[in-house]
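Predicted model only: the values in this text are computed from it and were never measured. When a ligand or atom number is given, it counts from 1 through the structure's own listing order.
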Amino acid sequence: MTKIFILLLFFVGVLTQNVTIYKRLCFFNKSETNCMCRFKTKPGFNIPVLSADCTSLNFKEFPRDVQIPSVEDLDLSKNEITQLDSFTNNFQSFKLLSVKLSFNKLTSISQDFFKNTPNLKQLDLSHNNIAKFENSNIFRGLTNLTVLNLSFNSLSTVPEDIFKPLFKLKELDLSYNYLGATLMNSEDFFKSTLGVSPSLEILKIDGIGITQLNYNYFETASNLKYLSISDNFLQVIPKLPYTIGYLDLSGTHIRTISANHLDYHSLKVLKLNRLKKLEKIEHYAFYNLIALEELHLSESKSLNELSDLVFGVMTDEINWSLKKLYLSRTGIQKLNSTFLNLFKNLQHLDLQSNPWTCTCDILWLQKLNGSLYRDDNIRCLSPFNLRTTSIMKLTSNNLPDCFENANSYQRIMISIMGILIGILIILILYLIYLGPFYQTNKEIGPESPYRGNTVGIDPNKAEHLNI
Ligand SMILES: *[C@@H]1O[C@H](CO)[C@@H](O)[C@H](O)[C@H]1NC(C)=O
Ligand SMILES: *[C@@H]1O[C@H](CO)[C@@H](O)[C@H](O)[C@H]1NC(C)=O
Ligand SMILES: *[C@@H]1O[C@H](CO)[C@@H](O)[C@H](O)[C@H]1NC(C)=O
Ligand SMILES: *[C@@H]1O[C@H](CO)[C@@H](O)[C@H](O)[C@H]1NC(C)=O
Ligand SMILES: *[C@@H]1O[C@H](CO)[C@@H](O)[C@H](O)[C@H]1NC(C)=O
Ligand SMILES: *[C@@H]1O[C@H](CO)[C@@H](O)[C@H](O)[C@H]1NC(C)=O
Ligand SMILES: *[C@@H]1O[C@H](CO)[C@@H](O)[C@H](O)[C@H]1NC(C)=O
């Protein structure tokens, strides 16, 4: 009898609990337990959509569909949700378009949790503790999904083909997981090719421990336009689809850059910052990048020189596509003056904080005075007496040798002029004074017919002359 009573109490308890759990969450104002729901107009659409701001409410579970009916934009960031379980929460909504679950405590997502939200377009699961997916059917229902964010989780493996059902996926972010942590696990993900649909355009796989990729790894991503693969252990630039327009390889272990790896005619932005091991950029390395507009080559300390042929022969007639060049905090000490042909066409040029050697060969940089980004930070490191002197402010006082050429040329010109003038003056004087005297002299010279007469005028003097 008491047992039955207790059981009854239990059911009553569950019932009432059910009622309290499933209270509506959407209110105009946010409180400690309520979401703030708003009609808002999406850019480009005039139809108002309902958005629910449920951030930082200490939710431990994903809300039930009845609690947030009609919501299209659901933001559940910064809660305490640990799992998405389709057995305890059969969430259904045809309205739901976007779910943000970043900064929760998610460890697992059950298969089919998203089965009944077929119109979901954006799913943000970043900054959680997801270590693995049970199988490759987790995202099966999400045929309309365009953005999936799994960055900053603890994934060490991803089942093959888990992203294949996402036919419309445009953006995938897997950055900062441990996918390459061990060879055993990484095999799944780095085996053969990246299993995505050809719809993928943006892929972020920064900091996931990639050491190398198959030659045809990106084959399935045949329309890839944006790839961020920075902070991996890659030593060579991987083979990419020719559609690539943005490529970030910063913080990788690339040692050399050559034209063989960079023949992408659509590439507009190339980031090669923080390449600790980069020592050489080969001749013509960037020559094939005919659409390149922005090149980042900063903070690679081992890069000591930049050949004057990395962009090919830099003549005056080239129509440069390049608009921005970032070349700061490298090991580069000097640049050939033919770079002037490129540099004078740039909209932004950053040459800050390189260890410049200030010889006469550096002075051409002064022609860019005023067009360099923070040109006050372009300073000599050597020779010692010029250390920290701004290159734009170098004068003949700092580098007398470079300006001496000009001076000695002037001096020679002045000397020649002086000599010429001197000769001219002597000539004039000679003509004025000595010319007529010579004439008289001739008249009374030794061969003069009047000689006897002259001697006759003053006999003493004549005797003197004969001695
Ligand atoms: C709680 O409510 C849901 C729907 O509102 C219902 O399907 C479920 O059976 C209820 N649970 C219990 C234990 O009554
Ligand atoms: C919402 O809060 C504001 C003040 O923060 C208050 O003026 C307003 O009356 C509240 N609205 C509702 C519907 O509670
Ligand atoms: C979702 O995809 C289905 C077909 O896969 C389509 O009929 C439906 O219109 C899509 N929904 C949206 C919002 O695009
Ligand atoms: C994914 O989330 C991270 C961190 O919240 C963010 O920086 C990144 O831009 C997001 N990626 C996409 C594709 O939305
Ligand atoms: C450079 O571009 C201009 C106009 O955009 C064009 O007239 C000229 O022929 C081009 N020169 C070269 C060398 O391609
Ligand atoms: C600069 O480059 C030109 C053309 O490539 C070359 O002839 C010249 O010797 C180089 N100057 C220096 C100082 O290396
Ligand atoms: C560069 O420009 C600054 C001001 O714009 C001027 O003070 C300086 O003398 C210039 N330096 C050279 C070398 O022309």
Students should be able to answer this: which protein heavy-atom is nearest to [atom], and at what distance?
atom: atom 13 (C) of ligand 6; answer: Asp361 OD2, 4.4 Å
atom: atom 5 (O) of ligand 4; answer: Ser126 OG, 3.4 Å
atom: atom 4 (C) of ligand 6; answer: Asp308 OD2, 3.7 Å
atom: atom 3 (C) of ligand 6; answer: Asn336 ND2, 3.6 Å
atom: atom 6 (C) of ligand 4; answer: Asn149 ND2, 4.1 Å

Side chains of [X] and [Y], donor plus acceptor under 3.5 Å:
X: Ser298; Y: Ser328; answer: yes
X: Ser197; Y: Ser199; answer: yes
X: Ser228; Y: Asp206; answer: yes
X: Ser98; Y: Asp73; answer: yes
X: Lys271; Y: Tyr246; answer: yes

- request: Decide whether the shortest distance between a heavy atom of Gln122 and an atom of ligand 4 is less than 4.0 Å.
  value: no
query: Does ligand 4 have any atom that is closer than 4.0 Å to a heavy atom of Ser102?
result: no
Under-4.0 Å protein heavy-atom contact, atom 9 (O) of ligand 6: no
- prompt: Mind checking whether Asp124 has an N or O less than 3.5 Å away from an N or O of ligand 4?
  reply: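 By distance alone, the answer is no.
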From Asp173, Leu123, Leu174, Asp206 - option closest to atom 11 (N) of ligand 4 by heavy atom: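 When every heavy atom of Asp173, Leu123, Leu174, Asp206 is considered, Asp173 comes closest to atom 11 (N) of ligand 4.
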message: With a 6.0 Å cut-off (strictly less than), is the heavy-atom count around CZ of Phe59, excluding the residue itself, greater than 12?
response: yes
- prompt: Between Cys35 and Cys26, does the SG-SG distance stay under 2.5 Å?
  reply: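 No, the SG atoms are not under 2.5 Å apart.
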